[in-house]
Amino acid sequence: MSEDRQEQSNELAKAYDPSAIEEKWAAYWVKERLFDTPVESVGAKAFTMLLPPPNVTGRLHMGHMLNQTEMDILTRWHRMLGETALWVPGTDHAGIATQMMVEKQLAAEGKTSRVELGREAFTERVWAWKRQYGGAITDQMRRLGASVDWSREYFTMDEDLSGAVVEAFVRLWEQGLVYRGAYIVNWDPVMGTAVSDLEVVHEERVGKLYFVRYPLAEGEGSITIATTRPETMLGDVAVVVNPTDERYTALVGRQVRLPLSAVSGGQERVIPILADEWAQPEFGTGAVKVTPAHDPNDFAIGQRHGLPSPSIFDAQARVSLAGSKYDGMDRYAAREAIVADLDALGLLVEVKDHGMSVGLSQRSGSVIEPRLSDQWFIKIQPLADKAIAAVKGGHIRFTPEMYEKTYFEWMGNIHDWCISRQLWWGHRIPAWHCVLCGTITVARTEPEACSFCGSTIDLVQETDVLDTWFSSGLLPFTVFGWPETGGGPTADMRAFYPTDLLVTGFDILFFWVARMIMLGTHFMLDVPMPDGSARTLAEAVPFREVYIHALVRAADRQKMSKTKGNVIDPIDIIGRFGTDAVRFTLASMASPGTDIAFSEARTEGYRAFANKIWNAARFLFMNVERGREAGYAVALGSQVSEARSSPQRASSLAGDPELGAPGSVPLETRWIYSRLSAVAAEVERALAVYRFDEAAGAVYQFFWGEFCDWYLELVKVRLEFGREDDTVARLTLEALVEVYEAALRLLSPFMPFLTEEIWHALYAAVGQEAPAKSIALTRFPLAADFARDEAAEASLSLLQELIVSVRALRKEMSVPEKEPAPMLVYSRDIRVVELAIANADTLAKMARVSSVSASAEALSGSGSKSTVSFDVRVMYERVIDVPAERERLTKEMAKLEKGLLASQRQLGNDAFMAKAPAHIVEGLKKQAAETGMLYEKARAALLELEA
RNA sequence: GGGCGGUUAGCUCAGUUGGUUAGAGCGGGUGCCUUACAAGCACUAGGUCGGGGGUUCGAGUCCCUCACUGCCCA
């Protein structure tokens, strides 16, 4: 057995090597199904989140990693608080992105195109691709250690989710909230589909503004119009001028001949000159052409004036005009040809450079062609109204709060949502066209007959599919089994809806967050509560809180992009520093509202932190082993130590007479428990408001700055085994292990791998069976688990001040590192002197002090240092560097004087004295007195130096 | 054009409802291979809080204004 334990305690390698431990635990968590959350397991409180589903074509990037790190920290934290923490993973079929990818693949392989393949074969091909490669991103998630419930993993085109999509669509249709019609939409000519407004990105470009003369149909004269798109003139139906524009008043009502519009050798078309508010007198010549089928504004003008809307482009944005010489030309080739022809005819007046905003397809990058076509829309206002009410009513809270403004801004100006896509990969719209009568029948399953004429043979299913965001907008309830069968909510819905929190980036605030709110409030209001009562808006929302995180940028604050070549691959960076270090970096840099400039230097620092944690464990194991050799067995979690249960003599500042005496709990142990309590409180406070940076900062500072830098050093003098009475050593060892174990739990949501590894090793080292399969299944440390001990904190900070003062003095006096020197201490508070004397061992170890003596009088001058609480002198012969010392003292005096004057000025201000709260005045008085005292001491020292 | 942010140490960022002498990490300087850790330890320097004005007993924090800068929407 002891040999076993020996092996166990040596289990930790000398150096921390993340790659050696992370994959092992990642696989273990998945294999053991530690984070599965069956509905039967739901306790009193559930904490539910949905993972923003990555595209099935996706590869993990830093944004995912930030998102998942934050969600995982929260999930692990809630789970450790004893709640049923459910985090649902899944992937999105990502219509356009996936179809585009497979098409590219087909092209690269030189195989037949999508069209040649045919719809059925093509979609089968996409499925095959999905089966083979679609798991890449979820595999990467597993590697990150994301504590999701893999048993609930979904894909948006799974059978049940697809069924829910059909149900949602049909209900919206039945409610009159879906309509179909010919409208101008954003057309992506590369993908050959309509896209929504949100999928169009605008880019500033320098184009040309062409001035073209249109001759009047009758009589002499012409009107010159300005356009950025001369090629669309083939579809012109009018010229408009502003009604107030006196230059053109006489021309309104007359007609022009449209140049180049003749087809098959016929006549040029004749179109009217009309007055319309939309024409801006200051733009170009003040006269503009109207092409209703290829410009949304022109379409509106056409509607106002009852004009026709001839389309002149096909789906690939090629001219489609039988008999025209431009027929079949690409839109840009047509532009060149038309401009050349106009020039030849003397109709091209001028060409100017012109800055303009060009709409590009988010996915394919092609220039959007506004196009008149038959599309399906959702009448959005009724949904938006509820979505606005949900946030206004406080049923959904945004963090940072300012995103509420953005949300309202968008919701207030929302347009109907074009939900149809002319793609093959996606949820096919459940509508059937009757070839006979043209009626559309929308149904849950293929209808037997036309709903209008009853024809049973000529029904053709709609070829369009739904916008990807339609199905993902339904996820908060479809993943829990909506639509309900039998009228009531499903068991999952009862337990998990509404979800508690959504963590996401602002880039999908409108795409996804807003749509979930609209669709969630719309559909879920109809689902009764578990007790049968009607559901209120507060319970219909898809989530109660939204936390919007920042963008991860490259170190130089540039946006990461493939073209710039500055993309940081998380898998690569994980390979170099370990997942825990990368997670910690992201968490500690995640302050709300600020983008993260990802810094490798920081990651390096947090790998060092991981290494620190690692080495602290090795120190611990070494001492556990030493204790065992001396006959002590450390027990973990089986007993509550004295210090943990109650602070001792909370009133005493210092000078505890029993300090260090047999049976008492040493000062630094009381202190570390108190600090542990404080840091647990801080972490809880910070995580509750999504301040990952503050939470991470707090555990970092505690572990490194307090536990390692002070506690581990301080206990070294206590851990002397084999004495006649080694109660102190035993108590200390026990506390050491207990505090460390608690610190591991505190750290584990942030650094799950490292803490898991050490936690198991720790139990092995003390020869106990771990109380859980994973540290993730233990309880999170709470402030109340450990006693705050103000007295111990005050005493220890005095001791720290003494140590730091002596170290600084030694350095100033160039005392050789290894040479101990005596110290003298003076204080008006006798307890301070007693504290120093009682802790002479500690001072010896920490500050190389050979002896501690009390001074009867104040100390100043060379070799001494004063603080508000004490004077201290290091006794050492040395040659004083007078100029250096003079400079230091002069500088110090200047600083003190400045502070002193500032506080005196304020204290002399009657208005301040009259109006400021008492504690501020008192504090300032105390500060002024202390500063004055230190100033006097510095002055005395300077005088002595000059003497 | 409309809207929302940001500007604090050499760099990257914190800084709660206005309150006592503005913090951290990295980087810099000096000294240490101190038996957990050189991926470490100790000590240390470094800031007119973008400019100007205002409110207040008191402003990094609130208001106005200017400059620079980023993002979203049209």
Side-chain angles (χ1 to χ4, degrees), chain A residues 12 14-16 197-198 200-202 357 359 400 402-406 408-410 413 415 506-507 509-510 550-551 553 555-557 559 577 581 585 588-623 685-686 689 691 693-694 697 700-701 704-705 708-709 712-713 716 803-812 814-818 845-848 888 891 895-896 898-900 902-903 905-907 909-917 919-928 930-931:
Chain A
L12 293 191
K14 186 159 188 332
Y16 163 63
D197 292 346
L198 281 176
V200 180
V201 289
H202 296 272
S357 171
M402 65 160 177
Y403 283 107
E404 271 188 18
K405 286 187 200 166
T406 314
F408 287 133
E409 185 71 20
W410 188 74
N413 298 299
H415 299 291
F506 61 82
D507 51 329
L509 182 59
F510 306 137
L551 201 70
R553 294 170 173 275
D556 56 2
R557 303 206 62 72
K559 222 172 188 168
F577 300 103
T585 307
S588 67
M589 296 186 83
S591 43
T594 311
D595 285 348
I596 295 175
F598 188 83
S599 153
E600 253 183 49
R602 289 282 287 263
T603 313
E604 242 174 84
Y606 294 124
R607 182 188 51 181
F609 180 49
N611 187 51
K612 190 80 180 171
I613 298 167
W614 186 265
N615 279 297
R618 293 180 57 232
F619 173 77
L620 222 71
F621 293 174
M622 192 184 85
N623 281 290
R685 183 204 63 78
V689 291
R691 289 305 302 259
D693 56 331
E694 292 181 348
Y700 180 90
Q701 169 57 27
W704 199 322
C708 290
D709 286 351
L712 292 189
E713 295 305 322
K716 283 177 184 174
I803 291 165
V804 169
S805 301
V806 172
R807 281 172 178 167
L809 278 171
R810 287 175 55 92
K811 181 108 171 172
E812 275 165 31
S814 310
V815 181
E817 200 81 11
K818 294 198 164 164
K845 166 85 178 65
M846 303 286 284
R848 294 269 176 196
R888 188 184 67 80
K891 223 169 160 182
K895 200 173 161 188
L896 289 167
K898 201 177 146 196
L900 190 58
S903 21
R905 195 176 331 114
Q906 243 187 318
L907 288 168
N909 183 336
D910 293 340
F912 171 76
M913 297 302 281
K915 294 191 180 182
H919 74 278
I920 298 292
V921 176
E922 281 313 304
L924 198 61
K925 276 185 182 166
K926 194 173 157 216
Q927 180 202 313
E930 287 169 359
T931 311

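Chain letters run A, B, ... following the sequence lines, proteins first and then strands; every chain starts at 1.
- For A:Val200, the side-chain contact (heavy atoms from CB on, under 4.5 Å) partners two or more places apart in sequence, or in a different chain, are A:Asn186, A:Val195, A:His202, A:Ile368.
- Under 3.5 Å, the side chains of A:Ser588 and A:Tyr700 contain no donor-acceptor pair of N or O atoms.
- Atom-to-atom distance recorded for A:Tyr606:OH and A:Met589:CE is 8.0 Å, nearest 0.5 angstrom.
- Of all the heavy atoms in A:Met846 and A:Asp709, the pair that sits closest is CE-O, 4.4 Å.
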What nitrogen or oxygen pairs link the protein and nucleotides 15-17 of chain B at under 3.5 Å?
{"unit_1": "B:G15", "atom_1": "OP1", "unit_2": "A:Arg691", "atom_2": "NH1", "d": "3.0"}
{"unit_1": "B:G15", "atom_1": "OP1", "unit_2": "A:Arg691", "atom_2": "NH2", "d": "3.3"}

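- Spacing between B:C32 and B:A38 at atom C1', rounded to whole Å, works out to 10 Å.
- Spacing of C1' atoms, B:C11 relative to B:U16, comes out at 26 Å, to the nearest Å.
- Scanning for side-chain contact (heavy atoms from CB on, under 4.5 Å) contacts around A:Lys845 gives A:Glu713, A:Lys716, A:Val717, with sequence neighbours left out.
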From CA spacing to verdict: side chain to side chain contact (heavy atoms under 4.5 Å, CB included), A:Leu198, A:Trp410: CA-CA 11 Å; A:Leu198 281 176; A:Trp410 188 74; 3.9 Å; yes
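- Stems are defined here as 3 or more consecutive Watson-Crick or G-U wobble pairs with pairing distances under 3.5 Å; those involving RNA chain B are B:1-7 with B:67-73, B:10-13 with B:23-26, B:28-32 with B:40-44, B:50-54 with B:62-66.
- Rounded to the nearest 0.5 angstrom, A:Glu600 CD and A:Arg607 CZ are separated by 10.0 Å.
- Between B:G25 and B:A14, the distance separating the two C1' atoms is 10 Å to the nearest Å.
- Atom-to-atom, CD of A:Glu409 to C1' of B:G1 comes out at 13 Å; the value is rounded to the nearest Å.
- We find that CZ of A:Arg602 is positioned 13 Å from P of B:A24, with the value rounded to whole Å.
- Once rounded to the nearest 0.5 Å, the distance linking NZ of A:Lys811 with CD of A:Glu817 reads 7.0 Å.
- Remark: A:Thr931 pairs with A:Leu896, A:Leu900, A:Gln927 by the side-chain contact (heavy atoms from CB on, under 4.5 Å) rule, at least two apart or across chains.
- In this structure, the CG atom of A:Asn413 is 13 Å from the P atom of B:C4, given to the nearest Å.
- Without hydrogens or angle criteria, A:Arg810 side chain to A:Arg848 main chain gives a donor-acceptor distance under 3.5 Å.
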Identify all pairs in which a protein N or O lies below 3.5 Å from an N or O of nucleotides 71-74 of chain B, and state each distance.
none

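- Partners of A:Ala608 by side-chain contact (heavy atoms from CB on, under 4.5 Å), not counting sequence neighbours, listed by chain and number: A:Trp704.
- The gap from the C1' atom of B:C64 to that of B:G29 amounts to 44 Å, rounded to the nearest Å.
- To the nearest angstrom, C1' of B:G70 lies 11 Å from CE of A:Met402.
- Note that the NZ atom of A:Lys612 and the CZ atom of A:Phe619 stand 11.0 Å from one another [nearest 0.5 Å].
- For A:Asn615, the side chain to side chain donor-acceptor pair (under 3.5 Å) partners are A:Asn611, A:Arg618, not counting sequence neighbours.
- For A:Tyr16, the ring pair (Phe, Tyr, Trp, His ring centres under 6.0 Å) partners two or more places apart in sequence, or in a different chain, are A:Trp614.
- Only the C1' atoms considered, B:A24 is 13 Å distant from B:U8, to the nearest whole Å.
- Residues passing the salt bridge (charged side-chain N to carboxylate O under 4.0 Å, His left out) test with A:Arg807: none are found, sequence neighbours excluded.
- B:G60 and B:U21 have their P atoms separated by 10 Å, given to the nearest Å.
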Steps toward side chain to side chain contact (heavy atoms under 4.5 Å, CB included) verdict (A:Leu924, A:Phe912): CA-CA 11 Å; A:Leu924 198 61; A:Phe912 171 76; 3.8 Å; yes
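- B:A9 sits 14 Å from B:G23 when the P atoms are compared, rounded to a whole Å.
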Nucleotides 34-44 of chain B: protein proximity per nucleotide (B base, S sugar-phosphate only, - neither; heavy atom, under 4.0 Å): --BB-BSSBB-
Nucleotides 54-61 of chain B: protein proximity per nucleotide (B base, S sugar-phosphate only, - neither; heavy atom, under 4.0 Å): ---B----
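- Residues A:Lys926 and A:Gln701 each lie close to RNA chain B; by heavy-atom proximity, the contact nearer the 5' end of the strand is made by A:Lys926.
- B:G18 and B:G58 are spaced 8 Å apart, taking the C1' atom of each and rounding to whole Å.
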